[in-house]
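Report on the structure given below.
Everything numeric in this text was worked out from a predicted model, so none of it was measured.
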Amino acid sequence: MSFRFVDLPAAHDDLRADVLAGLAAQPKSIPPKYFYDEAGCRLFEAICAQPEYALCRTERALMDAHLSEIAAAIGAVDCIIEPGAGDCVKVRALLDTVHPSQLVVLDIAGEPLAAAAGALALEYSGVAVSALGMDFIRSLEDATPYLMGGRRLVYYPGSSIGNFTPAEAAALLARFRKLAGEAGQLLIGFDLKKDPVELHRAYNDVAGVTAAFNLNLLARLNRELEADFDLGQFRHYAFYNPVAGRVEMHLISLTGQTVRVAGQRFHFALGESVHTENSWKFRGDEFSAIAASAGWQRVQTWERDGFAVQLYG
Ligand SMILES: C[S@@+](CC[C@H](N)C(=O)[O-])C[C@H]1O[C@@H](n2cnc3c(N)ncnc32)[C@H](O)[C@@H]1O
């Protein structure tokens, strides 16, 4: 078995500066990458199991149905790189079929990543597994020294690309292109535009798990930035904005209140929002245009029940 975990310094503490800046801005916002402390990672896995949130199940079913075709289209690959790998479950299908000699997984939530990747390395003894605790938005390029030579595939499932504005998504895909190199490939999964009522339900599950995930952000700030948010005074509010083509997630203040965060005080008016996440939805051709602007040419597309996986070279 070959496994290493490296916690790169960039994974740590932009939290304080980013949160203070986001709460001082108008409108208020907090970057979605801060959802993922340990509790946030567990809650995200629970979201994927909710009946209303079909995204994860559909992507898995699509991959299962087309796996041999996808693997054949990818061909020989030496190294798979997965940014935001989380529980490292989805990449297993590629390890089983593409047989790379190296897997490099990156996640801002370093400890859960290390546990998941360590378990994976035990099972796949022929694959050298490197787990990097890092914020890839800030420092993707810091992963380069950990990559072996040979042909690379960047794997970015789960519609995580939807958390970026189209311009940010293009910039990130261009950085993936550089990391993958000239002969490199990108396999990416994203949610398609669909019935807005279905999208609305997906982010408003009856069990309240998405609400708990959103509110956990405030609980995290209470724990890590000595904040005193009263979670009962904020409401999870998510809706599909058809003009922008994205689901927006907010935390709405249910009263006029002042909250202390890292020694500073912030006023929230009754009904004021803290914007916590966008999840853009795409048409296949819309997404290909974004990828093309980042230097990726589409090789093949697979679609199922409102979800797409595309291969680029
Ligand atoms: C929506 S989850 C998807 C997890 C997994 N890829 C999947 O498809 O099930 C997003 C993952 O990306 C990670 N993440 C979000 N922003 C990140 C960043 N800037 N740098 C590194 N990891 C990040 C989170 O910790 C989380 O594990």
Side-chain angles (χ1 to χ4, degrees), residues 29-33 35-36 40-67 70 84 86-87 89-90 93 155-166 168-169 172-173 187-217 234-252 273-291 298 300-311:
S29 66
I30 298 175
K33 64 186 179 184
F35 279 132
Y36 298 96
C41 291
R42 277 199 307 277
L43 283 164
F44 175 74
E45 286 169 26
I47 287 173
C48 289
Q50 295 313 299
E52 298 92 337
Y53 194 79
L55 193 155
C56 301
R57 277 188 301 281
T58 306
E59 183 175 36
R60 199 164 45 235
L62 186 159
M63 290 296 290
D64 285 350
H66 297 283
L67 191 57
I70 291 172
D87 58 13
V89 166
K90 289 180 181 165
Y155 180 45
Y156 198 42
S159 207
S160 293
I161 194 68
N163 293 149
F164 301 92
T165 67
E168 287 168 349
L172 184 60
L173 295 179
L187 185 70
I188 188 160
F190 58 89
D191 210 12
L192 293 165
K193 284 187 168 140
K194 54 176 69 68
D195 181 348
V197 174
E198 196 183 316
L199 286 170
H200 187 91
R201 281 202 202 104
Y203 292 77
N204 290 281
D205 57 274
V206 170
V209 181
T210 308
F213 175 75
N214 200 3
L215 283 160
N216 178 61
L217 190 51
F234 286 86
R235 172 82 71 213
H236 161 74
Y237 188 67
F239 61 95
Y240 182 64
N241 174 342
V243 178
R246 67 188 188 207
V247 173
E248 296 187 14
M249 212 150 78
H250 297 257
L251 290 165
I252 308 290
S273 143
V274 183
H275 191 167
T276 51
E277 189 183 67
N278 290 316
S279 296
W280 257 271
K281 309 297 170 183
F282 307 93
R283 284 185 297 273
D285 56 327
E286 238 176 1
F287 189 82
S288 295
I290 293 172
R298 189 170 64 186
Q300 209 166 329
T301 298
W302 297 268
E303 285 189 14
R304 183 187 179 115
D305 298 337
F307 195 88
V309 169
Q310 294 189 336
L311 178 66

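When the side-chain hydrogen bond (donor to acceptor under 3.5 Å, both in side chains) test is applied to S159, no partner is found at least two apart in sequence or on another chain. With sequence neighbours excluded, no residue forms a salt bridge (Lys or Arg N to Asp or Glu O under 4.0 Å) with E198. Shown here are the side-chain hydrogen bond (donor to acceptor under 3.5 Å, both in side chains) partners of K281, two or more places apart in sequence or in another chain: D191, Y203. By the ring-ring contact (aromatic ring centres under 6.0 Å, His included) test, Y36 pairs with F213, sequence neighbours left out. Under the rule for a side chain to side chain contact (heavy atoms under 4.5 Å, CB included), the partners of A169 that lie at least two apart in sequence or sit in another chain are I161, F164, I290. Partners of F239 by ring-ring contact (aromatic ring centres under 6.0 Å, His included), not counting sequence neighbours, listed by chain and number: Y237, H250. Residues forming a side-chain hydrogen bond (donor to acceptor under 3.5 Å, both in side chains) with T210 (at least two apart in sequence, or on another chain): D205. The side chain to side chain contact (heavy atoms under 4.5 Å, CB included) search around E45 returns D87, not counting sequence neighbours. Remark: N216 engages D37, A39, L43, A219, R223 in a side chain to side chain contact (heavy atoms under 4.5 Å, CB included) (not counting sequence neighbours).
Side-chain contact between L215 and F234 is present, with heavy atoms from C-beta onward closer than 4.5 Å. Between K90 and E59 there is a side-chain heavy-atom pair separated by less than 4.5 Å. With a 4.5 Å cut-off on side-chain heavy atoms, L311 and I70 do not count as touching. Side-chain atoms of F44 and V209, non-hydrogen and from C-beta on, never get closer than 4.5 Å to each other. The side-chain heavy atoms of N204 and H236, taken from C-beta on, include a pair separated by under 4.5 Å.
Distance check, rounded to the nearest 0.5 Å: CD of E168 to CH2 of W280 gives 7.0 Å. One distance of note links CG of N214 with CG of L251; it measures 4.0 Å at 0.5 Å rounding. Residue M249 holds its CE atom at 8.5 Å from CG of L217, rounded to the nearest 0.5 Å.
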Can you give me every donor-acceptor pair (side chain of residues 300-307, partner residue at least two apart or in another chain, under 3.5 Å) with its distance?
residue, atom, partner, partner atom, Å
T301, OG1, Q310, NE2, 3.4
W302, NE1, E69, OE2, 2.8

Just list the side-chain donor-acceptor pairs under 3.5 Å for residues 47-54, sequence neighbours left out, or say none.
residue, atom, partner, partner atom, Å
Q50, NE2, A46, O, 3.0
E52, OE2, V206, N, 2.9

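For residues 235-247, the set of pairs meeting the salt bridge (charged side-chain N to carboxylate O under 4.0 Å, His left out) definition, not counting sequence neighbours, comprises R246-E248.
Between the side chain of K194 and the backbone N or O of L192, at least one donor-acceptor pair lies under 3.5 Å.
Minimum interatomic distance between S279 and N163 (heavy atoms only, all atoms of both residues): OG-ND2, 3.5 Å. When all heavy atoms of H200 and Y240 are compared, the closest pair comes out as ND1-N, 4.4 Å.
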Between N241 and V247, does a side-chain contact (heavy atoms from CB on, under 4.5 Å) hold up when you go through it step by step? CA-CA 6 Å; N241 174 342; V247 173; over 6 Å; no
Derivation and outcome, side-chain contact (heavy atoms from CB on, under 4.5 Å), residues V309 and L187: CA-CA 7 Å; V309 169; L187 185 70; 3.6 Å; yes
side-chain contact (heavy atoms from CB on, under 4.5 Å) between I30 and F35, intermediate numbers included: CA-CA 9 Å; I30 298 175; F35 279 132; over 6 Å; no
